[in-house]
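Quantities reported herein were computed from a predicted structural model and do not represent experimental measurements.
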Amino acid sequence: MRDMTISQDILYIGASDKDIKIFESQYVLENGMSYNSYLIKDEKNVVLDTIDEKLTDTWLENLEKALDGEKPDYLIVSHMEPDHAYNIGAIVKKYPEMKIVGNQLTFNMLANFFKEIDFSNRKFVVMEGDVLDIGKHKLQFFMAPMVHWPEVMVTYEQTEKILFSADGFGKFGALDVDEEWDCEARRYYFGIVGKYGMQVQALLKKAATLDIQMICPLHGPILKENLGYYIDKYNTWSSYKPEEEGIYIACSSIYGNTLKAAQKLADILKEKGAKKVVLVDLTKEDWAEAIEDAFRYSHLIVASSSYNAGLFPPMKQFLDHLKERNYQNRTVGIIENGSWAPSAGKCMKGILEEMKNIRIIEPIITIKSTMSEENMKQMEEMTDKILENE
């Protein structure tokens, strides 16, 4: 179990689901998921967010133990997504005098999710910069719309200088998993938040005005050291800048001939001194992992079979996911394959041209069933153009 100690007055009351295999019905999980919730004990006791339905009993037990016979005075709702807000109904029923803290959009959504509960006498509406004084601790609220829902807000605890960052700085994985933060935080960010880079940038500008000594997200470990590292990652990701120099080759091949061409291109790149070359078979790769790595590297090569006078579905899905998440600022090469009427290249180029600041390497390499000597010469030329730009 990772160290989830926060301070004498601030306690972790969340839990991890080690059995969950799919998050949000689409993201594959190998190491479970954590759902974080916190309690601040002071003259007034404050709960920060609830957790997922599957962990209701565990969370209520953690809360009761942490309260140690006391009652919560406030529940702060950072985000209304059900993996964090499901148990609002349970805690309201258990502690009917408790006030709920949120912005106006929060309460609009509460009425939609909990139609049977009257929140009118429990509402504590806050706006940008408002401060809730609970004794020794002072809680300041900052709106973070579309990071990644419109009602999202973060809470800054002024005394101990802690940012409760909602889904920001979250990652996949249970808390007792020993794994590096970057990979699963990157996959989480680009899968879930990646579309909203402009909004993340706006939140980072607000955060830059605060003295932050600790970050407490709603998923993943509490960040206590080297916070500049994590903030810099978020700045890079939300700016849609490459995280590192490298060439990511994404291939969707039906019978293997397109994959052989992609492998040949990878070999040529390595022989010519490319710093980093990563080749992935989209027919086998987790799509969210593929999206993460496409954003990670500075160059992208897409290689796909033609299919039904269009594009092979694994590549279509990959490019659509990139487009949806505002993929931009990259150099991209295209390889198509088609036995009688190649169509993949035109389709891939069309999708890529709808993205911002994408430089497409010309010409598109067209393979007719299997690689030819001419194709290999074209790959040499494409490699030279990529390395000139690297």
Side-chain angles (χ1 to χ4, degrees), residues 9-10 36-50 72-89 91-92 95-115 117-170 193 195-218 231 234 238:
D9 301 325
I10 305 178
N36 300 341
S37 174
Y38 308 92
L39 173 67
I40 303 176
K41 301 192 75 173
D42 206 323
E43 293 174 18
K44 301 289 186 180
N45 294 323
V46 177
V47 178
L48 289 102
D49 296 289
T50 76
D73 297 282
Y74 298 100
L75 168 67
I76 294 173
V77 180
S78 304
H79 182 21
M80 276 301 303
E81 204 164 5
D83 57 326
H84 306 300
Y86 177 84
N87 281 293
I88 291 174
I91 192 173
V92 164
Y95 303 105
E97 296 179 0
M98 180 191 68
K99 298 289 186 182
I100 295 180
V101 181
N103 55 69
Q104 189 55 57
L105 287 176
T106 308
F107 290 104
N108 293 345
M109 289 190 181
L110 272 170
N112 293 332
F113 277 105
F114 300 96
K115 293 181 171 62
I117 299 176
D118 180 6
F119 291 102
S120 58
N121 294 326
R122 300 181 174 95
K123 291 172 64 173
F124 190 99
V125 180
V126 295
M127 300 176 66
E128 179 77 16
D130 284 354
V131 175
L132 175 61
D133 188 335
I134 60 171
K136 183 171 75 173
H137 298 87
K138 313 292 190 291
L139 305 174
Q140 188 170 18
F141 304 100
F142 296 93
M143 303 302 117
M146 300 317 300
V147 186
H148 60 119
W149 279 22
E151 88 299 352
V152 173
M153 66 183 192
V154 301
T155 303
Y156 177 65
E157 199 291 299
Q158 296 178 344
T159 304
E160 301 192 51
K161 305 182 187 310
I162 299 172
L163 180 67
F164 294 91
S165 59
D167 270 347
F169 300 96
V193 188
K195 180 176 182 177
Y196 304 106
M198 183 183 302
Q199 290 84 352
V200 174
Q201 282 284 302
L203 180 58
L204 289 175
K205 289 177 181 177
K206 295 179 184 181
T209 67
L210 306 173
D211 180 6
I212 300 171
Q213 298 299 314
M214 191 183 303
I215 298 175
C216 293
L218 288 178
I231 293 171
Y234 256 63
S238 58

S.K.: Quick one, L132 and V126 - any side-chain contact, counting heavy atoms below 4.5 Å?
M.R.: no

S.K.: Between K44 and K41, is there a donor-acceptor pair closer than 3.5 Å when you use the side chain of the first and the backbone of the second?
M.R.: no

S.K.: If you apply the rule side chain to side chain contact (heavy atoms under 4.5 Å, CB included), what do you find for E43 with I134, and how did you get there?
M.R.: CA-CA 6 Å; E43 293 174 18; I134 60 171; 5.9 Å; no

S.K.: Working to the nearest 0.5 angstrom, can you tell me the gap between S165 OG and L218 CG?
M.R.: 7.0 Å

S.K.: Is a side-chain N or O of Q140 found less than 3.5 angstrom from the main chain of G129, in a donor-acceptor match?
M.R.: yes

S.K.: Step through it carefully: locate the ring centre of F169, locate the ring centre of Y234, and say whether they are under 6.0 Å apart.
M.R.: yes

S.K.: I'd like to know if the side chain of S238 pairs up with that of Q201 as donor and acceptor (distance under 3.5 Å, no hydrogens or angles considered).
M.R.: yes

S.K.: Could you tell me the separation between the OG1 atom of T155 and the CG atom of D130, rounded to the nearest 0.5 Å?
M.R.: 11.5 Å

S.K.: Do you know the tightest heavy-atom contact between D42 and G135?
M.R.: OD1-CA, 3.5 Å

S.K.: Answer whether the closest heavy-atom distance between the side chains of N103 and M127 falls below 4.5 Å.
M.R.: no

S.K.: For residues F114 and A85, report the shortest heavy-atom separation together with the two atoms involved.
M.R.: CZ-O, 3.4 Å

S.K.: Does any non-hydrogen side-chain atom of V152 lie less than 4.5 Å from one of D167?
M.R.: no

S.K.: Can a cation-pi geometry be assigned to K99 and F124, taking NZ or CZ under 6.0 Å from the six-membered ring centre and within 45° of the ring axis?
M.R.: no

S.K.: Using 0.5 Å steps for rounding, measure from the CD1 atom of I40 to the OH atom of Y74.
M.R.: 12.5 Å

S.K.: Going through the checks in order, is the side chain to side chain contact (heavy atoms under 4.5 Å, CB included) test met by V200 and V193?
M.R.: CA-CA 8 Å; V200 174; V193 188; 3.7 Å; yes

S.K.: As an exercise, state the distance from OG1 of T159 to CG of D9, rounded to the nearest 0.5 Å.
M.R.: 9.5 Å

S.K.: Any side-chain heavy atom of F141 within less than 4.5 Å of one from V101?
M.R.: yes

S.K.: For H148 and E81, run side chain to side chain contact (heavy atoms under 4.5 Å, CB included): C-alpha distance rounded to whole Å, both residues' side-chain angles, the deciding distance at 0.1 Å, then the answer.
M.R.: CA-CA 10 Å; H148 60 119; E81 204 164 5; 3.0 Å; yes

S.K.: Does D73 use its side chain to pair, donor to acceptor, with the backbone of N45 at less than 3.5 Å?
M.R.: yes

S.K.: Kindly indicate whether the side chain of K206, heavy atoms from C-beta on, has any atom under 4.5 Å from the side chain of V154.
M.R.: no

S.K.: Looking at D49 and H84, would you say the former's side chain and the latter's main chain have a donor-acceptor pair under 3.5 Å?
M.R.: no

S.K.: If I take atom CD1 from residue I10 and atom CD1 from residue I162, how far apart are they, to the nearest 0.5 angstrom?
M.R.: 3.5 Å

S.K.: Please report the closest heavy-atom contact between M80 and V77, naming both atoms and the distance.
M.R.: SD-CG1, 3.7 Å

S.K.: For the pair E151 (side chain) and M109 (backbone), establish whether a donor and an acceptor sit closer than 3.5 Å, ignoring hydrogens and angles.
M.R.: no

S.K.: Looking at D211, I'd like to know if its CG atom is crowded, meaning that more than 12 non-hydrogen atoms belonging to other residues, nucleotides or ligands lie closer than 6.0 Å.
M.R.: yes

S.K.: Going by the angle between their ring planes, with limits at 30° and 60°, are H79 and W149 parallel, tilted or perpendicular?
M.R.: perpendicular

S.K.: For the atom pair OG1 (T50) and CG (L75), what is the distance rounded to the nearest 0.5 Å?
M.R.: 7.0 Å

S.K.: Identify which one of K136, Q213, H137 satisfies the side chain to side chain donor-acceptor pair (under 3.5 Å) criterion when paired with E160.
M.R.: H137

S.K.: Can we call the ring centroids of F164 and Y38 under 6.0 Å apart?
M.R.: yes

S.K.: For the residue pair Y156 and I212, establish whether any side-chain heavy-atom pair is separated by less than 4.5 Å.
M.R.: yes

S.K.: With side chain to side chain contact (heavy atoms under 4.5 Å, CB included) as the test, would you mind laying out the steps for I76 and M153 before giving the verdict?
M.R.: CA-CA 10 Å; I76 294 173; M153 66 183 192; 4.0 Å; yes

S.K.: Counting C-beta onward and ignoring hydrogens, is there a side-chain heavy-atom pair between I88 and F119 closer than 4.5 Å?
M.R.: yes

